[in-house]
Amino acid sequence: MSLLSPVVDGDGAPFWEYASRGELRVQTCADCAEPRFPPRPCCPYCQSFGSDWRPVSGRGRIWSYVVPHPPLLPGYAEFAPYNAVLVELADAPRIRLVGNVVTAADAPLDSVDPARLRIGAGVRVVFAPPDEQGLRLPRWLLERP
(Lines give C-alpha, C1' and ligand atoms only; values in the text may rest on other atoms or scores of the structure.)
Protein backbone atom coordinates (compact mmCIF):
# COMPACT_ATOMS: atom_id res chain seq x y z
CA MET A 1 0.00 0.00 0.00
CA SER A 2 1.27 3.48 -0.80
CA LEU A 3 0.93 6.55 1.39
CA LEU A 4 -2.34 8.46 1.34
CA SER A 5 -2.71 11.44 -0.99
CA PRO A 6 -5.07 14.39 -0.63
CA VAL A 7 -8.26 14.51 -2.67
CA VAL A 8 -8.12 17.63 -4.82
CA ASP A 9 -11.45 19.39 -5.34
CA GLY A 10 -12.31 22.54 -7.25
CA ASP A 11 -11.99 24.82 -4.23
CA GLY A 12 -8.57 23.47 -3.23
CA ALA A 13 -7.05 22.99 -6.68
CA PRO A 14 -5.22 26.36 -6.64
CA PHE A 15 -3.51 25.41 -3.35
CA TRP A 16 -2.00 22.34 -5.05
CA GLU A 17 -1.13 24.25 -8.24
CA TYR A 18 0.91 26.74 -6.20
CA ALA A 19 2.44 23.94 -4.11
CA SER A 20 3.61 22.25 -7.32
CA ARG A 21 5.67 25.43 -7.93
CA GLY A 22 7.02 25.41 -4.37
CA GLU A 23 4.76 28.26 -3.22
CA LEU A 24 2.63 28.27 -0.09
CA ARG A 25 -0.50 30.33 -0.67
CA VAL A 26 -3.78 30.49 1.19
CA GLN A 27 -7.21 31.46 0.00
CA THR A 28 -8.06 34.96 1.21
CA CYS A 29 -11.36 36.83 1.04
CA ALA A 30 -11.26 39.49 -1.67
CA ASP A 31 -13.58 41.72 0.40
CA CYS A 32 -12.57 41.46 4.08
CA ALA A 33 -9.01 40.11 3.48
CA GLU A 34 -9.37 37.27 6.02
CA PRO A 35 -7.39 34.15 5.10
CA ARG A 36 -9.28 30.86 5.18
CA PHE A 37 -8.38 27.20 5.13
CA PRO A 38 -9.58 24.77 4.05
CA PRO A 39 -10.52 26.56 0.82
CA ARG A 40 -14.23 27.07 0.28
CA PRO A 41 -16.50 29.15 -1.92
CA CYS A 42 -17.84 31.54 0.75
CA CYS A 43 -16.02 33.59 3.37
CA PRO A 44 -17.06 32.47 6.88
CA TYR A 45 -16.48 36.03 8.18
CA CYS A 46 -18.35 38.28 5.71
CA GLN A 47 -20.10 35.73 3.43
CA SER A 48 -18.42 37.12 0.30
CA PHE A 49 -17.86 34.76 -2.63
CA GLY A 50 -14.79 36.68 -3.81
CA SER A 51 -11.36 35.24 -3.11
CA ASP A 52 -7.67 35.54 -3.96
CA TRP A 53 -4.71 33.24 -3.32
CA ARG A 54 -2.11 35.16 -1.37
CA PRO A 55 1.43 34.01 -0.62
CA VAL A 56 2.41 33.41 2.99
CA SER A 57 5.91 33.22 4.41
CA GLY A 58 5.88 29.47 5.03
CA ARG A 59 6.94 29.99 8.62
CA GLY A 60 4.94 28.86 11.60
CA ARG A 61 4.96 26.99 14.86
CA ILE A 62 3.90 23.53 15.91
CA TRP A 63 0.43 24.00 17.37
CA SER A 64 -0.08 20.29 18.08
CA TYR A 65 1.36 16.93 17.11
CA VAL A 66 0.91 13.19 17.48
CA VAL A 67 3.31 10.29 17.15
CA PRO A 68 1.45 7.31 15.63
CA HIS A 69 2.53 3.84 16.69
CA PRO A 70 1.48 0.47 15.25
CA PRO A 71 -0.99 -0.82 14.33
CA LEU A 72 -1.13 1.55 11.39
CA LEU A 73 -2.20 1.48 7.78
CA PRO A 74 0.24 -0.86 6.01
CA GLY A 75 1.96 1.89 4.01
CA TYR A 76 2.87 3.77 7.19
CA ALA A 77 4.02 0.89 9.41
CA GLU A 78 7.62 0.99 8.16
CA PHE A 79 7.93 4.64 9.27
CA ALA A 80 6.62 4.23 12.82
CA PRO A 81 7.10 6.01 15.00
CA TYR A 82 6.79 9.19 12.93
CA ASN A 83 5.11 12.54 13.54
CA ALA A 84 2.00 14.26 12.26
CA VAL A 85 1.91 17.96 13.09
CA LEU A 86 -0.58 20.79 13.00
CA VAL A 87 1.27 24.00 12.10
CA GLU A 88 -0.10 27.46 12.87
CA LEU A 89 1.12 29.86 10.18
CA ALA A 90 3.05 32.88 11.49
CA ASP A 91 1.42 35.41 9.17
CA ALA A 92 -2.05 33.82 9.23
CA PRO A 93 -2.50 32.41 12.77
CA ARG A 94 -6.08 31.28 12.10
CA ILE A 95 -4.68 28.92 9.47
CA ARG A 96 -3.37 25.55 10.61
CA LEU A 97 -1.93 23.07 8.15
CA VAL A 98 -1.29 19.36 8.68
CA GLY A 99 2.01 17.78 7.72
CA ASN A 100 5.14 16.09 8.96
CA VAL A 101 8.37 17.49 10.39
CA VAL A 102 11.26 16.03 8.40
CA THR A 103 14.99 16.70 7.98
CA ALA A 104 14.69 17.52 4.25
CA ALA A 105 11.95 17.79 1.62
CA ASP A 106 12.65 14.27 0.34
CA ALA A 107 13.39 12.67 3.74
CA PRO A 108 11.26 9.80 5.06
CA LEU A 109 8.49 10.48 7.58
CA ASP A 110 10.60 9.05 10.41
CA SER A 111 13.65 11.26 9.76
CA VAL A 112 13.09 13.40 12.88
CA ASP A 113 13.25 11.86 16.33
CA PRO A 114 9.81 12.55 17.88
CA ALA A 115 11.55 13.52 21.15
CA ARG A 116 12.79 16.70 19.39
CA LEU A 117 9.26 18.00 18.79
CA ARG A 118 7.76 20.64 21.07
CA ILE A 119 4.52 22.62 20.99
CA GLY A 120 5.48 26.11 19.86
CA ALA A 121 8.65 25.04 18.02
CA GLY A 122 9.35 27.18 14.96
CA VAL A 123 9.10 25.48 11.56
CA ARG A 124 9.32 26.45 7.90
CA VAL A 125 7.73 24.84 4.90
CA VAL A 126 9.41 22.73 2.24
CA PHE A 127 7.65 20.76 -0.47
CA ALA A 128 8.05 17.03 -0.96
CA PRO A 129 8.89 15.67 -4.39
CA PRO A 130 5.76 14.92 -6.44
CA ASP A 131 3.75 11.90 -5.26
CA GLU A 132 1.99 9.36 -7.50
CA GLN A 133 -0.68 11.98 -8.34
CA GLY A 134 1.93 14.65 -9.04
CA LEU A 135 1.12 16.53 -5.81
CA ARG A 136 3.86 18.16 -3.76
CA LEU A 137 2.87 17.95 -0.11
CA PRO A 138 3.94 20.67 2.31
CA ARG A 139 6.35 19.35 4.92
CA TRP A 140 8.05 21.18 7.74
CA LEU A 141 11.64 21.69 8.86
CA LEU A 142 12.49 22.68 12.42
CA GLU A 143 13.85 26.24 12.53
CA ARG A 144 16.43 25.12 15.08
CA PRO A 145 17.63 21.68 14.01
Exercise. Counting N and O atoms only, with roles assigned by atom type, does the side chain of R139 sit under 3.5 Å from a partner on the main chain of A105, one being a donor and the other an acceptor?
Worked result: yes
For this session: Supply the atom-to-atom distance R61 CZ to R96 CZ, rounded to the nearest 0.5 angstrom.
Result: 7.5 Å
For this session: Please check if the side chain of D113 supplies one atom and the backbone of A115 the other of a donor-acceptor pair under 3.5 Å.
Result: yes
Exercise. How many angstroms lie between CG in L97 and CG in L137, if you round to the nearest 0.5 Å?
Worked result: 11.5 Å
Problem set entry | Atom of A84, atom of N100 and distance for their closest heavy-atom approach | CA-ND2, 3.9 Å
Seminar exercise, completed: Rounded to the nearest 0.5 Å, the CD1 atom of I95 sits from the CZ atom of F37 at a distance of 7.5 Å
Exercise. Under 6.0 Å from the CH2 atom of W53, do we count more than 12 heavy atoms belonging to anything else shown?
Worked result: yes
Exercise. Do L72 and Y65 belong together in a cluster built from hydrophobic side chains that touch within less than 4.5 Å?
Worked result: no
Problem set entry | R144, CZ: over 12 other non-hydrogen atoms inside 6.0 angstrom | no
Exercise. Is it the case that one hydrophobic cluster holds both F79 and L4, taking links as side-chain heavy atoms less than 4.5 Å apart, direct or via other members?
Worked result: yes
Exercise. Looking only at heavy atoms, which two atoms of A33 and T28 are closest? And how far apart?
Worked result: O-CG2, 3.3 Å
Problem set entry | From D110 atom CG to N83 atom CG, the distance as rounded to the nearest 0.5 Å | 9.5 Å
Exercise. What heavy-atom pair brings C32 and C43 nearest, and what distance separates the two atoms?
Worked result: SG-SG, 3.7 Å
For this session: Look only at the side chain of R136 and the backbone of P130, and say whether a donor-acceptor pair between them is shorter than 3.5 Å.
Result: no
For this session: Would you check, one step at a time, whether the test side chain to side chain contact (heavy atoms under 4.5 Å, CB included) holds for L141 with V102?
Result: CA-CA 6 Å; L141 302 176; V102 291; 4.3 Å; yes
Problem set entry | Any donor-acceptor pair under 3.5 Å from S64 side chain to L86 backbone | no
Exercise. Would you say V123 and V66 are hydrophobically clustered, going by side-chain heavy atoms of ILVMFWY under 4.5 Å?
Worked result: no
For this session: Heavy atoms only: give me the nearest P81-H69 pair and the separation to one decimal.
Result: CB-CE1, 3.5 Å
For this session: Grab the two heavy atoms, one from A80 and one from P68, that are nearest each other, plus how far apart they are.
Result: CB-O, 4.1 Å
Exercise. Under the side-chain hydrogen bond (donor to acceptor under 3.5 Å, both in side chains) rule, what pairs show up with a residue in residues 29-50, not counting sequence neighbours?
Worked result: Q27-R36, D31-S48, E34-R94, Y45-R94
Exercise. Does any N or O in the side chain of D91 come within less than 3.5 Å of the main-chain N or O of V56, such that one atom is a donor and the other an acceptor?
Worked result: no
For this session: Just jot down the side chain to side chain donor-acceptor pair (under 3.5 Å) partners of R118, sequence neighbours excluded, or say none.
Result: none
Problem set entry | Non-hydrogen side-chain atoms of P39 and P14 separated by less than 4.5 Å | no
Exercise. Are any of the side-chain heavy atoms of Y18 and L24 separated by less than 4.5 Å?
Worked result: no
For this session: Indicate yes or no: at least one non-hydrogen side-chain atom of L3 is less than 4.5 angstrom from one of D131.
Result: no
Exercise. Can you hop from V26 to V8 via hydrophobic side chains spaced under 4.5 Å?
Worked result: yes
Exercise. Side chain of Y76, backbone of Y82: donor and acceptor closer than 3.5 Å?
Worked result: no
Problem set entry | Minimum heavy-atom distance between D11 and P41, given as atom pair plus value | OD2-CD, 3.3 Å
Problem set entry | Hphob cluster co-occupancy, V98 + V87, side-chain heavy atoms under 4.5 angstrom | no
Exercise. Can you pull the ring pair (Phe, Tyr, Trp, His ring centres under 6.0 Å) pairs that have at least one residue in residues 92-145, sequence neighbours excluded?
Worked result: none
